[in-house]
Amino acid sequence: MTESLRRSGEYEYDSQQYGYSAPVNPEWPPPPPYEPAATAPLPAPEPPARKRPRGPVALLAAVAIVAAAVGGATAYGFQELTGKDSVTATGTSTNAVPAGKRGNVAAIAAAVSPSVVEINATLDNGSSTGSGVITSGNGEIVTNNHVIAGAQSVRVRTSDGRSYTADVVGTDRSKDLALIKLEGASGLKAATLGNSSSVQVGDSVVAIGSPEGLTGTVTSGIVSALDRDVTVPTDESQGQGAGGDGQWPFQFGGRQFNGDTGSSTTTYKAIQTDASLNPGNSGGALIDAAGNIIGINSAMYSSSQQQSSSSDAGSIGLGFAIPVNTVKADLAKLRSGGQN
């Protein structure tokens with residue numbers, strides 16, 4: 001209620017109530033034939049002390065309490081969704097690095113590197129190496145599905161050198177995403193998930209991952225395009241390593257790279273970047289100038305002349321990342337143990 005609660009006339013002083021008025025009843029005695037002696041007029045009685053209306057104040061206090069409760073409930077709900085030990089806002093105003101260090105690659109690397117891990121999966125036909133992003137302090141990690149597809153066992157190494165065994169919690173082949181959980185982990189630094197819908201072409205970005213097993217490698221560049229159609233296999237037999245030399249086959253622009261994607265595929269809209277990505281960066285972080293995760297690195301482009309040898313293959317300035325909003329929308333399903 002925004003209207004005043006004071007009734008009409010309440011606490012208003014009526015001058016006619018205390019001043020003199022001529023008699024209106026003819027039976028009253030007439031006034032004396034002479035002027036009465038002047039006397040000091042009686043002071044007008046003061047109106048009752050005005051009390052602060054309690055209604056609006058109480059209402060405002062109640063609103064404040066309710067707002068605080070709703071805010072707390074919202075924060076708790078987000079905490080339950082992401083599994084974070086402490087809730088971090090995910091809007092574009094969030095700064096994982098100090099405001100004065102925005103865009104500073106060294107500051108971004110220092111802030112986010114503890115939230116990026118190296119993943120080693122043992123496969124039937126060998127092994128694969130990729131990266132992952134910590135989403136909760138107790139060891140939940142988002143990565144690409146192709147990094148752990150067909151894995152018999154999974155080991156994870158954090159930026160400080162600790163090693164953990166990990167279990168696969170949920171996978172989503174249609175989005176090339178997976179969630180794994182470290183055994184016995186606690187106190188890890190969860191990454192801040194940003195807002196990929198606010199990303200623009202030309203924005204500065206940083207990529208962190210473990211290319212060729214080089215843990216914590218940092219590269220930088222810009223967002224060179226948005227909404228690129230990237231097609232990847234959904235058949236686990238086409239997983240990492242099937243394309244040869246630890247690379248992940250995918251299609252882009254009507255062409256196949258890093259091997260044959262097979263007949264069972266899925267296509268997603270990717271963020272394109274010229275930040276250097278190499279085998280092993282898959283599942284790692286693409287980060288904005290404020291230190292927020294805006295994408296999960298998923299594929300690198302190599303020209304056909306470079307595919308004959310792993311020693312020749314490498315980034316030529318075209319990499320692709322799954323937008324983080326896709327990741328956030330999929331987290332609940334992954335955490336519930338979805339396998340598709």
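Being a predicted model, the structure only gives us computed values, none of them experimental.
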Does Glu140 form a side chain to side chain contact (heavy atoms under 4.5 Å, CB included) with Ile134? I'd like the steps, not just the answer. CA-CA 6 Å; Glu140 287 185 338; Ile134 299 172; over 6 Å; no
Should Asn138 and Ser186 be marked as a side chain to side chain donor-acceptor pair (under 3.5 Å) after you check the CA-CA gap, both sets of side-chain angles, and the distance that decides it? CA-CA 4 Å; Asn138 62 356; Ser186 63; over 6 Å; no
Could you go through the side chain to side chain donor-acceptor pair (under 3.5 Å) check for Thr122 and Gln152 one step at a time? CA-CA 6 Å; Thr122 301; Gln152 302 301 309; over 6 Å; no
Verify side chain to side chain contact (heavy atoms under 4.5 Å, CB included) between Val156 and Glu118, making sure each step is shown before the conclusion. CA-CA 6 Å; Val156 171; Glu118 178 185 305; over 6 Å; no
Evaluate side chain to side chain contact (heavy atoms under 4.5 Å, CB included) for Val223 paired with Thr273, printing each intermediate quantity in order. CA-CA 5 Å; Val223 172; Thr273 178; 5.6 Å; no
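Screening Thr165, Ile141, Val117 for a side-chain contact (heavy atoms from CB on, under 4.5 Å) with Leu182, the sole residue that qualifies is Ile141.
The shortest non-hydrogen separation linking Ile108 to Gly291 is CG2-CA, 4.4 Å. Considering every non-hydrogen atom in both Leu188 and Thr158, the closest pair reads CD2-CG2, 4.5 Å. A pairwise comparison of heavy atoms in Leu193 and Leu331 identifies CD1-CD1, 4.2 Å as the closest pair. In terms of heavy atoms, Val133 sits closest to Ala191 at CG1-CB, 3.6 Å. In this structure, Thr326 and Lys175 approach most closely via the heavy-atom pair CG2-CD, 3.7 Å. Nearest approach of Ala270 to Pro323, heavy atoms of both residues: CA-CD, 4.3 Å.
Using modelled atom types, one side-chain atom of Asn325 and one backbone atom of Ser196 make a donor-acceptor pair closer than 3.5 Å. Judged by distance alone, the side chain of Asn144 and the main-chain N or O of His146 form no donor-acceptor pair under 3.5 Å. In this structure a side-chain-to-backbone donor-acceptor pair under 3.5 Å is present from Ser131 to Gly280. Of the possible donor and acceptor atoms, none in the side chain of Asp330 sits under 3.5 Å from a partner among the backbone N and O of Val327. Under the 3.5 Å distance criterion, the side-chain polar atoms of Ser113 are matched with a main-chain donor or acceptor of Ala109. No donor-acceptor pair closer than 3.5 Å links the side chain of Asn292 to the backbone N or O of Gly194. Without hydrogens or angle criteria, Asn104 side chain to Ala107 main chain gives a donor-acceptor distance under 3.5 Å. Listed for the Asn145 side chain is no donor-acceptor partner under 3.5 Å among the backbone atoms of Asp172. Side chain of Thr171 to backbone of Arg173: no donor-acceptor contact under 3.5 angstrom is found. One N or O on the side chain of Asn297 and one on the backbone of Ala285 form a donor-acceptor pair closer than 3.5 Å.
With hydrogens and angles left out, the side-chain atoms of Tyr268 and Ser298 include a donor and acceptor closer than 3.5 Å. For the residue pair Thr219 / Ser276, no side-chain donor-acceptor distance below 3.5 Å is found, with atom types taken as modelled. Side chains of Asn278 and Glu212: a donor-acceptor N/O pair is absent below 3.5 angstrom, by distance only.
Counting only residues at least two apart or on different chains, no salt bridge (charged side-chain N to carboxylate O under 4.0 Å, His left out) pair has a member in residues 177-204.
Within a 6.0 Å radius of NZ in Lys101, no more than 12 heavy atoms belonging to other residues, nucleotides or ligands are found.
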